[in-house]
Amino acid sequence: MSAGLASRRSPGRVGSHVSLTRRRTEEVHQLTLRLGDTAPDFTADSTTGPIAFHEYLGDGWGILFSHPRDFTPVCTTELGYVARLKPEFDKRHVKAVGLSIDPVESHKGWAKDIQETQGHAPNFPIVADPDRKVANLYGMMHPAHDEVFTVRTVFVVDPKKKIRLMITYPQTTGRNFDEILRVIDSLQLTDAHRVATPVNWKQGEDVIIVPAVTDEEAKAKFPGGWKALKPYLRLTPQPK
């Protein structure tokens, strides 16, 4: 009889488990952001006071990058390096915004450690997100990886508030902000001209004329000429 009772109850439990799994899957899909999506706006406390994300970015570019929590070693090096890069970000009209789940007072204490160990204190806002509201808005919580702390994610946002780059790093690997600057250079260049940038491209190097531009159009757009390795692969000097 016990076996029969268990048998009758099992389908119910399985059904509940399936429903729960389906709900969780749907929640994950709802939080999935893709390239070209509008970056969700938010208002939150930060080390520089309340910040409204879209308003803060204004008509420029932005980087939103998350940290699992304060006083973590890898992120300490990252925040110091981003502070050091501020003149480079300013030249590109890019504003940086950090995020950690700890409160503002904790962020300010951490800033002293960053200044002491890295030589640069954060010179940009670090959002306090103790309720994980922003983290959930941006899909920064990955329960299979860590149920408590955010993954280390980077979002690059353009002046139209569209997401143009997303990178997620493991907690043990420091982010390459020189690479993020390189991608921003590429995005800004290719937005202004009908070109693409080849592998490992850096400022000043040749670029690719996109296939949609005919040779006739290219003569007017790229007076420096081009080198055609294939009809679809035409290299030309970087437009100014």
Is the backbone of [Y] close enough, under 3.5 Å, to the side chain of [X] for a donor and an acceptor to pair up by distance?
X: His107; Y: Asp102; answer: yes
X: Gln203; Y: Asp185; answer: no
X: Thr173; Y: Pro170; answer: no
X: Thr236; Y: Gly225; answer: yes
X: Arg132; Y: Ile101; answer: no
X: Lys95; Y: Tyr56; answer: yes
X: Tyr138; Y: Pro40; answer: yes
X: Thr48; Y: Pro125; answer: no
X: Asp129; Y: Ala135; answer: yes
X: Arg84; Y: Gly80; answer: no

- Summary of salt bridge (charged side-chain N to carboxylate O under 4.0 Å, His left out) pairs that have at least one residue in residues 222-240, sequence neighbours excluded: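 The answer is Asp215-Arg234.
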- Any pair counted as salt bridge (charged side-chain N to carboxylate O under 4.0 Å, His left out), so long as it reaches residues 164-174, sequence neighbours left out: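 Every pair satisfying salt bridge (charged side-chain N to carboxylate O under 4.0 Å, His left out) with a residue in residues 164-174: Asp158-Arg164, Arg164-Asp191.
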For the student: nearest non-hydrogen atoms of [X] and [Y], plus distance:
X: Val210; Y: Ala196; result: CG1-N, 3.9 Å
X: Ala128; Y: Ala44; result: O-CB, 4.4 Å
X: Glu78; Y: Phe177; result: CB-CE1, 4.1 Å
X: Arg92; Y: Gln188; result: O-NE2, 2.9 Å
X: Lys161; Y: Gly58; result: NZ-O, 2.6 Å
X: Asn200; Y: Glu205; result: O-OE1, 3.9 Å

Working to the nearest 0.5 Å, report the span between [atom1] of [X] and [atom2] of [Y].
X: Leu57; Y: Lys160; atom1: CG; atom2: NZ; result: 15.5 Å
X: Asp70; Y: Glu105; atom1: CG; atom2: CD; result: 11.0 Å
X: Leu35; Y: Lys162; atom1: CG; atom2: NZ; result: 12.0 Å
X: Leu235; Y: Leu229; atom1: CG; atom2: CG; result: 5.0 Å
X: Ile208; Y: Thr190; atom1: CD1; atom2: OG1; result: 11.5 Å

- In plain terms, say whether Lys112 and Glu116 are close enough for a salt bridge, that is, a side-chain N and a carboxylate O under 4.0 Å apart. no
- Item | Candidates Val195, Thr197, Leu189 - the one meeting side-chain contact (heavy atoms from CB on, under 4.5 Å) with Gln238 | Leu189
- Item | For Val97, the option from Phe53, Phe124, Phe65 that meets side-chain contact (heavy atoms from CB on, under 4.5 Å) |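 It is Phe53; the other options fail the test.
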- Would you check, one step at a time, whether the test side chain to side chain contact (heavy atoms under 4.5 Å, CB included) holds for Thr72 with Trp110? CA-CA 9 Å; Thr72 49; Trp110 189 19; 4.1 Å; yes
Same cluster or not: [X] versus [Y], using hydrophobic residues (I, L, V, M, F, W, Y) connected whenever any side-chain heavy atoms lie under 4.5 Å apart?
X: Leu85; Y: Tyr169; answer: yes
X: Leu181; Y: Val94; answer: yes
X: Val127; Y: Met166; answer: yes
X: Ile51; Y: Val104; answer: no
X: Val213; Y: Tyr232; answer: no

- Query: Quick one: do the Tyr81 and Asp178 side chains pair a donor with an acceptor below 3.5 Å?
  - Reply: yes
- Task: Please report the C-alpha distance between Leu64 and Val157 in whole Å, then the side-chain angles of each, then the deciding distance to 0.1 Å, and finally whether the side chain to side chain contact (heavy atoms under 4.5 Å, CB included) criterion is met.
- Result: CA-CA 8 Å; Leu64 176 65; Val157 180; 5.7 Å; no
- Message: side chain to side chain contact (heavy atoms under 4.5 Å, CB included) for Ile114 and His120? Distances and angles first, verdict last.
- Response: CA-CA 7 Å; Ile114 296 167; His120 293 81; 5.9 Å; no
Should [X] and [Y] count as side-chain neighbours, where that means a heavy-atom distance under 4.5 Å?
X: Trp226; Y: Lys219; answer: yes
X: His67; Y: Leu79; answer: yes
X: Thr77; Y: Gln118; answer: yes

- Report yes or no: is the cationic atom of Lys133 (NZ for Lys, CZ for Arg) closer than 6.0 Å to the six-membered ring centre of Phe42, at no more than 45° off its axis? no
- May I ask you to check whether over 12 heavy atoms, not counting those of His193, lie within 6.0 Å of atom NE2? yes
- After noting the C-alpha distance and the side-chain angles of Ile63 and Ile184, does the key distance pass the side chain to side chain contact (heavy atoms under 4.5 Å, CB included) rule? CA-CA 10 Å; Ile63 297 175; Ile184 291 171; 3.9 Å; yes
